[in-house]
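Data block below; observations after.
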Number of protein chains: 2
Amino acid sequence: MDDRSSGNEPRGRKRHRAGGRVTLSDVAREAGVAPITVSRALNTPQRVSDRVRARIDAAVETLGYVPNLIAGGLASAGTRVIPVIVPSLSILTFIEVVHGIQQTLERAGYQMLLASTDFDLDREAQLVNTVLGYSPSGVILTGLRHRPAVGERLREWGRPVVEIMEHGDNCIDMSVGVDGHALGRFMADYLVGRGYRRMLFAGSNMERDYRARQRWEGFRDQLATHALKADLLEYAEAASYRVGVEALDAALALPEPPDAIHFSNDILATGALLEAQRRGVKVPQQIAITGYLGLELGEFLNPSLTTLSVARTQMGVEAASMLLARLDGEQPEPVQRDIGYALIERGSA
Amino acid sequence: MDDRSSGNEPRGRKRHRAGGRVTLSDVAREAGVAPITVSRALNTPQRVSDRVRARIDAAVETLGYVPNLIAGGLASAGTRVIPVIVPSLSILTFIEVVHGIQQTLERAGYQMLLASTDFDLDREAQLVNTVLGYSPSGVILTGLRHRPAVGERLREWGRPVVEIMEHGDNCIDMSVGVDGHALGRFMADYLVGRGYRRMLFAGSNMERDYRARQRWEGFRDQLATHALKADLLEYAEAASYRVGVEALDAALALPEPPDAIHFSNDILATGALLEAQRRGVKVPQQIAITGYLGLELGEFLNPSLTTLSVARTQMGVEAASMLLARLDGEQPEPVQRDIGYALIERGSA
DNA sequence: CTGTTAGCGCCTTCAC
DNA sequence: GTGAAGGCGCTAACAG
C-alpha cells in the first residue's frame, strides 16, 4: 500500500509555503472540485461547465487566488515570460524597441525579462543559456549574428524566437528589422542627389555595434558607384552630444573639409548641429549634416535635422506580435520582415 | 506496496522534457553521485569534498548543464528574478534608473523582469500580484504611494522590497529617492536669489505623475514664503519638445509674461529654449528657463540649460544594491536613502 | 465534462 | 560529507 495512506502525520516537516499564498488546491477545496478542474477553468474555460466555472470563479475571488506561474511553468514548460536580450539599455534605439515589445507583451499577459549583453556575443550566448533556464515561452534577441551555439540551442529548443534590428535571410526562426547596408546606400544617393561631393561618415562605438558599420559600408560602397570616395571618422566611445561636437570640430579642421557629414545617429548629429550654431558655421550652406534615427528633437533644432527614420517602437510591437501569433498557433507570414525606413527631409542638408 | 517499485515501464507517458535539456540528475549520473550532492556542489560548494566537487564540475562541463531556475524556484522559493515596476518606459527618467538596476542585478546573477503601470495604481496592484507569482527574490517598485493591498501583501510576503524615485518616511521596506517638495523649494529659492519675480511653473502629465506635482507644490509654497505667487501651466500630455515649444509661446502671450519659467523636466525646457532661439527671444535676459533632470543635451544648447540634476542611474544602482545586500543577509543602513540633487548652473538663468 | 495519477527538476528534511 | 524520501504548485495523460 502506498505509504501516504497510513494515517501518520507527515513527520513534522511543515514546508515553506511562500508567504502562505493561496494555492490552486485551496480554491478547489473551496469550490468543492478537483484541482485539475480549477486549472482547466482558469486556462481553458470553455472545457468546464458554466455552473462549475461560476463556483470556481467565486472561490478564486473570495480567496484572492493568484496563480503560481513558476509551478505552472515547471509542469507545462511555458512561464509566460519572454526574455528580451539587447546590447545596451543606455542607447535610445534599443529602449524604444523594448518599449514596443513590452507594451505588446504585457497587453497579452506576458512578462518581459530584460537582459543586456553590452555588445558582447559571448555574453549573449551565456545569457541565452541562463534565460532558457526560466522555461520562457519564447525569446527575442538582437541582430542576426550570434555564436553558433546560440542558433543551435534555440533551434532545437523549438519555441518561437524573434531576432530584431537587422533584416537578412538567415534568421533562427523569425525576424523584424532593417537592412543597414540599404540605409547607408540610400543616404549616399540622397546626398549625392543634393549635390554634395566630399562626404564624411562619422560614427561612434562602431567596433562593437556592427550594424552602424553596415550603414557605413553601404554608404561607402554606394558612393563608390558614383566614383566618389567617403571618409570615415570613428570614435570608440558610445554616442553622445559631446562626440558630435568633437566630430564637427575635427571635420572642419581637416585640410579639405567635407561638404556633408552623415552621422551614424541623431545624437551625434545634434551635437554637431549645435556646435555649428555656436561657431556660426552655416548649415547646410557651408556643411550639410544628416543623422539616423528620426528623433523628435531634430524637428526643433535650428536648422532642423534631416534624418533617416526607422519605426523602432513599431519594430518592437511587430516582434512581439509575431511571437504571440506563433504562441497562438498561427504561422505569421512573412517570417522575415523588413520594417523599412523613411527619410525625414528637413533643413540641415 | 508503492507501485513505483513494480518494474513496469511508466505506461508510455514520455513527458515533455523542455527541449531535452540536461538536468541535474543527468549530471549526478555522469558524476556517479546522488542528485542532491550535485545540488550542494552547485549551491554550497564548501559542503562537498574537493574530489567529488571536481568530478561534478567536470560532469557539468561535459554535459553543458544549465540549472532550471524554475524548478529551483518552486522547490526553494526564490528564482533570482527581481521584478521592476515603473510607470512608463517612454520616459527617460525611468529608463535611466532601470539601467542602473539592470546593470547591478545582472552583475550579481539576477535577472530583471520589467513591467510598466502607465501611472495607474490599480494596474500596479495587479502587476505586483502577477509578478509575485514568479516567486521573485525581491521586488522594486516606483514611488511611495500604492494601493493599500500592495503594501500589505508585500509586507507579509517578507522578502526585500525597494521603492524608488521618492524619499519619505513611509516605505514598505526600503527606499531610495528624492524629496520632490525639496526640489521645488530649492529651485524657487534659486530663482528668487537670481532676482526673478514673476515665476511660471510648466509641467506635463502632472495629473498622473504626482511626483511632478510635488515639485510644483514645493516651488509654489516656497515662493509664497517670499511673498511671491507662482503660476502653473499644465499640459495633460506626456513631455515632448513640442510641448515645451507651446509652453514658451503661451507664456510669452500672457498679459504679463513671466521673467522665469521652471519646467518640470529638461525635455520641455529644451523645447522652450530652442523656440526662444528661433524667435530671437533672449534667454535669460528676457526670460529665464530652467529644467529638471540634468540631461547632457542641456550643456550644448545655446544658451546652455540650467537644470536640477538627480543621479538617476546611481539611484538604480543603489536600489539594486540595497536589495542584494538584504538577500545576502545584511541589513543595510539607512533603509530610507535620500539620493539628493545637484544644481547644474549654466547659461539659461 | 470531471477526476485520478504521476511527475516537471530541484531542494529541504531527516538519517547515516 | 553523502544519500533517501518526499513535496513545492501545477498540469499532461489517461480514464470514466
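First the proteins, then the strands, lettered A, B, ... as listed; each starts at 1. Here the structure is a predicted model, which is why all the values come from computation and not from measurement.
Computed from coordinates, the A/L132 CG to C/dC8 P distance equals 19 Å when rounded to whole Å. Summarising the geometry, the separation between CZ on A/R21 and P on D/dG9 is reported as 10 Å, rounded to the nearest angstrom. Rounded to an integer number of Å, the gap from CG of B/L74 to C1' of D/dG7 is 10 Å. When rounded to the nearest whole Å, the span between CG of A/N68 and C1' of D/dT11 equals 13 Å. Rounded to a whole Å, the OH atom of B/Y134 is 18 Å from the C1' atom of D/dC8. Taking atom CD1 of A/I70 as the reference point, atom C1' of D/dT11 lies 15 Å away to the nearest angstrom. Rounded to whole Å, the distance from CZ on A/R80 to P on D/dT11 is 11 Å.
Remark: B/Y65 is not in phosphate contact with C/dG9, judged by side-chain N or O atoms under 4.0 Å from OP1 or OP2. At least one side-chain nitrogen or oxygen of A/N43 sits closer than 4.0 Å to the OP1 or OP2 atom of D/dT11.
Within residues 27-40 of chain A, the residues approached by DNA chain D to less than 4.0 Å at the level of any non-hydrogen atom are A/I36, A/S39, in residue-number order. For DNA chain C, the residues of residues 46-55 of chain A within the heavy-atom distance limit of 4.0 Å (strictly under) are A/Q46, A/R47, A/V48, A/S49, A/V52, sorted by number.
Side-chain N or O atoms of A/D120 include none that pairs as donor or acceptor with a backbone N or O of A/T117 at under 3.5 Å. Between the side chain of A/Y134 and the backbone N or O of B/T79, at least one donor-acceptor pair lies under 3.5 Å. Here the side chain of A/R40 pairs no donor or acceptor atom with the backbone of A/R47 at under 3.5 angstrom. Formation of a donor-acceptor pair under 3.5 Å by the B/E163 side chain with backbone atoms of B/I172 is found in this model.
Taking every heavy atom of both residues into account, B/A41 and B/V48 meet most closely at N-CG2, 3.7 Å. Minimum interatomic distance between A/S137 and A/W157 (heavy atoms only, all atoms of both residues): C-CH2, 4.3 Å.
The CG atom of B/L132 sits 11.5 Å away from atom CD1 of A/I70, with the distance rounded to the nearest 0.5 Å.
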**Request:** Begin from the C-alpha positions of A/I164 and A/E318 and carry the test side-chain contact (heavy atoms from CB on, under 4.5 Å) through to its verdict.
**Result:** CA-CA 10 Å; A/I164 55 171; A/E318 294 207 7; over 6 Å; no
Sequence neighbours left out, cut at 3.5 Å: what donor-acceptor pairs do the side chains of residues 54-64 of chain B make with other protein atoms?
unit_1 : atom_1 : unit_2 : atom_2 : d
B/R55  : NE     : B/A31  : O      : 3.0
B/R55  : NH2    : B/A31  : O      : 3.0
B/T62  : OG1    : B/A58  : O      : 3.3
B/T62  : OG1    : B/A59  : O      : 3.1

